[in-house]
Amino acid sequence: FPVTIISGVLMGGEGSQSFDLEGTASQETVLMEKGILKTFLHDASTAARYNRASTANMVFSDSKIPVIGVTNLYIKPSQTSLFTLFKTMGDGFYLESIEKVAKDLTRDGKLELVGHGWRVKDGDPVEPITQAFFKFDPIEIFKEIKMVSEDLDFWGRFGRSEERRVGKECRIG
C-alpha cells in the first residue's frame, strides 16, 4: 500500500492560511501519490527556476525566517479501520503519538524521534510503551508501509493516519 503525502490547507489546521508569505493563494499539493514522488514544494523563486508553478509554500520557520516549508503535511487516510490494521499487523508496535522529532538528520541520514505507543500481540494492543526511541531512514520507511487507517490526527502542522508496517515485527531502526 504505497502512501499519498499531501501538504495543504485543512479546516482548522495550524498551517492553514489563505495565502503564503508571497501572496500566492494556498492550495493542496500532492507530494507523493501511491508511493511515487509527484512534485516538490516551491516558492515563486524556485518555481521560476524549475519552470513550475508556486505551491504557495513560503512560510515562517520556527525562528521567524521566511523559508519554503509545509502548511499542513499529512498521509492521506484510507477506508481501513484501526481494528483491521491491528488484526492484519498481528505482532508489532503501534506508534500512537510522537513526543520529539530531531530537527536534522543524523550523519548516517537517519531521522530520530521519541514516541509512545503499544506493543501489539496477535492483533491486540497489550502493553503500553512510553519513551520509545526510533532511528530510521525517512525515505525507506515509506517503502515499508503496507496499510494506512481511516483516522487522521494532527499535532501542529503535521498529521498522519495510523500507518503501520505489517509483518511479524514492526521495528523501526
Side-chain angles (χ1 to χ4, degrees), residues 1-16 27-41 55 57 59 62 69-173:
F1 182 90
V3 298
T4 297
I5 301 174
I6 300 168
S7 176
V9 179
L10 283 176
M11 211 47 171
E14 184 177 303
S16 293
Q27 64 187 28
E28 178 179 282
T29 303
V30 176
L31 301 171
M32 180 184 290
E33 186 172 32
K34 297 183 179 179
I36 298 170
L37 179 67
K38 291 296 186 179
T39 191
F40 295 99
L41 299 177
T55 58
N57 285 94
V59 299
D62 291 341
V70 298
T71 50
N72 297 293
L73 185 70
Y74 61 97
I75 294 175
K76 184 178 178 181
S78 74
Q79 300 299 314
T80 304
S81 72
L82 189 56
F83 174 80
T84 300
L85 188 135
F86 281 155
K87 291 302 178 192
T88 304
M89 179 194 302
D91 295 344
F93 181 77
Y94 161 66
L95 181 62
E96 186 171 41
S97 65
I98 296 173
E99 179 180 317
K100 180 181 176 184
V101 178
K103 290 191 183 248
D104 297 309
L105 297 178
T106 60
R107 288 186 179 168
D108 60 354
K110 307 282 180 159
L111 181 66
E112 296 178 336
L113 65 86
V114 176
H116 308 280
W118 292 83
R119 184 171 67 82
V120 177
K121 178 82 173 143
D122 298 324
D124 293 312
V126 294
E127 177 185 13
I129 307 291
T130 60
Q131 301 277 313
F133 175 80
F134 297 92
K135 182 177 175 183
F136 59 90
D137 181 315
I139 301 296
E140 291 299 317
I141 196 67
F142 288 109
K143 293 179 182 176
E144 296 295 324
I145 294 172
K146 304 292 186 242
M147 295 181 80
V148 177
S149 73
E150 64 191 351
D151 60 333
L152 177 62
D153 189 21
F154 263 83
W155 60 96
R157 292 181 180 198
F158 304 96
R160 52 92 176 109
S161 51
E162 304 300 338
E163 67 278 356
R164 297 293 168 262
R165 294 184 340 173
V166 177
K168 284 200 161 246
E169 293 291 326
C170 185
R171 291 191 184 145
I172 302 173

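Below, each value reflects all heavy atoms present in this structure, side chains not excepted, and no hydrogens, waters or symmetry copies.
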Nearest 0.5 angstrom please: Leu73 CG to Ile5 CD1, how far?
6.5 Å
Could you tell me whether Lys110 and Asp137 make a salt bridge, using a distance below 4.0 angstrom between a side-chain N and a carboxylate O?
no
Given the options Thr71, Thr29, Asn72, Ser7 meets side chain to side chain donor-acceptor pair (under 3.5 Å) only with Thr71
In terms of heavy-atom contacts, Thr39 and Val30 come closest through CG2-O, 3.5 Å
What distance separates Thr4 OG1 from Met32 CE, expressed to the nearest 0.5 Å?
9.0 Å
Just by modelled atom types, is the Asp122 backbone N or O under 3.5 Å from a matching donor or acceptor in the Asp91 side chain?
yes
If you take all heavy atoms of Tyr74 and Glu28, which pair is closest and at what distance?
OH-OE1, 3.6 Å
Restricting to non-hydrogen atoms, name the atom on Val114 and the atom on Phe133 that form the minimum distance, rounded to 0.1 Å.
CG2-CD1, 4.3 Å
Checking Trp118 against Val126 for the side chain to side chain contact (heavy atoms under 4.5 Å, CB included) test, could you report, in this order, the C-alpha distance in whole Å, the side-chain angles of both residues, the deciding distance, and whether it holds?
CA-CA 7 Å; Trp118 292 83; Val126 294; over 6 Å; no
Ignoring hydrogens, what is the shortest heavy-atom contact between His116 and Gln131? Give both atom names and the distance.
ND1-N, 3.2 Å
Does the plane of the ring in Tyr94 sit parallel, tilted or perpendicular to the ring in Phe86? Use 30° and 60° as the thresholds.
perpendicular
Can you tell me if Lys34 has over 12 outside heavy atoms packed within less than 6.0 Å of its NZ?
no
Decide, yes or no, whether a salt bridge links Asp124 with Lys87 under the criterion of side-chain N to carboxylate O below 4.0 Å.
yes
Please test Thr55 against Phe40 for side chain to side chain contact (heavy atoms under 4.5 Å, CB included), starting from the C-alpha separation and ending with a verdict.
CA-CA 8 Å; Thr55 58; Phe40 295 99; over 6 Å; no
Which residues share a side chain to side chain donor-acceptor pair (under 3.5 Å) with Thr130, sequence neighbours left out
none
Closest non-hydrogen contact found for Ala132 with Phe93 is CB-CZ, 4.0 Å
Calculate, to the nearest 0.5 Å, the distance between atoms CG and CE belonging to Leu82 and Met89 respectively.
8.5 Å
Smallest heavy-atom separation, Lys76 atom then Ile6 atom, equals CB-CD1, 4.2 Å
Who passes side chain to side chain donor-acceptor pair (under 3.5 Å) against Glu127, sequence neighbours left out?
Arg119
